[in-house]
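Working notes, beginning with the structure itself.
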Amino acid sequence: MIVAIDGPSGTGKSSTSKAVAAKLGLAYLDTGAQYRAMTWWMLNNGVDVTDPAEVALAAGKPQIVSGTDPAAPVISVDGQDVSAPIRTQQVTSAVSAVSAVPEVRGRLVELQRAAAAGAARGIVVEGRDIGTTVLPDATLKIYLTASEEARAARRNGELKGKEAVGLAATREALAKRDAADSGRRTSPLAKADDAVEVDTTELTLDQVVERIVTLIGERAAR
């Protein structure tokens, strides 16, 4: 059982994916965290993240290991737990540029496919190109959406202290990220033709999880 959950920031991908995986006893993979980990390493090793050629040359250097336990999905780079530092605004601002580089995507897609292949009971994989590029033969593909207002409110609520920037700035940042992710040449953010779209704007997390669990059950019964 491979479940691909795609969609832009602020739609509830992470919370939903972890909850679905935990409820069904499946493994879980946050591919966005892998791109953040790569970006964090670049920023901390003096790589000019605005230079695609420099990023491409460095893409094979960091050793990124993702945990697949939905209860504790840690991620490490060169043996260091980076679960917290990859969530800073500095990384968020640079991740789209780094993730647009084909060599970065090629390296991480290999890791993502290996994780899916190694999940004995099945896996829930979240990201932006899982159903279209990484795992096009996934058992079930979900594409989460939400209104711009709801997405901005959710993302702003996740930011703490000095990272909080206000709703207007958060909404602007999300729009910029969407444009970058949807417009990149390699594996852009897109809804797979056979994906089920779920609008989370007016739904609670439990309602979203229940709907996806029901969809999985229906697909497994075929």
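Residue Leu57 shares its hydrophobic cluster (ILVMFWY side chains chained together at separations under 4.5 Å) with no other residue.
Every pair passing side chain to side chain donor-acceptor pair (under 3.5 Å) that includes a residue from residues 68-80 is listed here, sequence neighbours excluded: Trp41-Asp78.
Distance check, rounded to the nearest 0.5 Å: OG1 of Thr39 to CD of Gln90 gives 10.0 Å. Taken from OG1 in Thr31 to CD in Gln112, the straight-line distance is 5.0 Å, to the nearest 0.5 Å. The distance from the CD1 atom of Ile216 to the CD1 atom of Ile2 is 12.0 Å, given to the nearest 0.5 Å. One distance of note links CD1 of Ile142 with OG1 of Thr11; it measures 12.0 Å at 0.5 Å rounding. Here Thr139 contributes atom OG1 and Leu215 contributes atom CG; the two are 13.0 Å apart, rounded to the nearest 0.5 Å. Annotation: the span from Arg211 atom CZ to Leu203 atom CG amounts to 7.5 Å, rounded to 0.5 Å.
The two atoms that bring Ile75 and Ser66 nearest to each other are CD1-OG, 3.7 Å, heavy atoms only. Taking each heavy atom of Ala4 and Ala138 in turn, the nearest pair found is CB-CB, 4.0 Å. The two atoms that bring Ile212 and Leu140 nearest to each other are O-CD2, 4.3 Å, heavy atoms only. Closest heavy-atom contact between Lys18 and Pro73: CD-CG, 3.9 Å. Across all non-hydrogen atoms, the minimal contact from Val104 to Ser99 is CG1-CA, 4.4 Å. Residues Met1 and Ala220 approach most closely at CE-CB, 3.8 Å, considering heavy atoms.
Judged purely by atom type and a 3.5 angstrom limit, Lys176 has no side-chain atom pairing as donor or acceptor with the backbone of Ser93. Side chain of Glu103 to backbone of Ala59: no donor-acceptor contact under 3.5 angstrom is found. Side chain of Thr201 to backbone of Ser147: a donor-acceptor contact under 3.5 angstrom is found.
Leu26 and Val134 fall into different hydrophobic clusters, where Ile, Leu, Val, Met, Phe, Trp and Tyr side chains are chained together by heavy-atom contacts under 4.5 Å. A single hydrophobic cluster is not seen to contain both Leu144 and Leu135; linkage of ILVMFWY side chains at heavy-atom distances under 4.5 Å, directly or through other members, places them apart.
Every residue two or more places apart in sequence or in another chain that forms a salt bridge (Lys or Arg N to Asp or Glu O under 4.0 Å) with Arg128 is listed here: Asp181. Applying the side-chain contact (heavy atoms from CB on, under 4.5 Å) test to Glu148 and every residue at least two apart in sequence or in another chain returns Arg171. The side-chain hydrogen bond (donor to acceptor under 3.5 Å, both in side chains) check on Arg105 picks up Tyr35, Asp129, with sequence neighbours excluded. In terms of the side-chain contact (heavy atoms from CB on, under 4.5 Å) criterion, residue partners of Val74 (sequence neighbours excluded) are, by chain and number, Asp81, Ser83. With sequence neighbours excluded, the residues that form a salt bridge (Lys or Arg N to Asp or Glu O under 4.0 Å) with Glu210 are Lys23. Listed by chain and number, the residues in a salt bridge (Lys or Arg N to Asp or Glu O under 4.0 Å) with Glu197 are Lys191 (sequence neighbours excluded). Taking Lys13 as the reference, nothing meets the salt bridge (Lys or Arg N to Asp or Glu O under 4.0 Å) condition, with sequence neighbours excluded. The side-chain contact (heavy atoms from CB on, under 4.5 Å) check on Glu202 picks up nothing, with sequence neighbours excluded. In this structure, the side-chain contact (heavy atoms from CB on, under 4.5 Å) partners of Leu205, at least two apart in sequence or on a different chain, are Ser15, Thr16, Val209.
Of the N and O atoms on the side chains of Thr92 and Arg36, at least one donor lies less than 3.5 Å from an acceptor on the other residue.
A 4.5 Å side-chain heavy-atom check between Ile130 and Ile5 finds every atom pair outside the cut-off. Gln34 places a side-chain heavy atom less than 4.5 Å from the side chain of Leu29.
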Side-chain donor-acceptor distances from residues 119-127 under 3.5 Å, at least two apart:
| unit_1 | atom_1 | unit_2 | atom_2 | d |
| --- | --- | --- | --- | --- |
| Glu126 | OE1 | Ser14 | OG | 3.4 |
| Glu126 | OE2 | Ser14 | OG | 2.8 |
| Glu126 | OE2 | Tyr28 | OH | 2.5 |

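Ion pairing of Asp30 with Arg87 is present here, as a side-chain N (NZ or NE/NH1/NH2) and a carboxylate O approach within less than 4.0 Å.
Summarising the local packing, CG of Asp194 is surrounded by more than 12 heavy atoms from other residues, nucleotides or ligands at distances under 6.0 Å.
Tested against Tyr143, the residues Leu189, Val196, Asp199 include a single side chain to side chain contact (heavy atoms under 4.5 Å, CB included) partner, Leu189. Evaluated for a side chain to side chain contact (heavy atoms under 4.5 Å, CB included) with Pro62, the options Asn44, Val82, Val77 yield exactly one hit, Val77.
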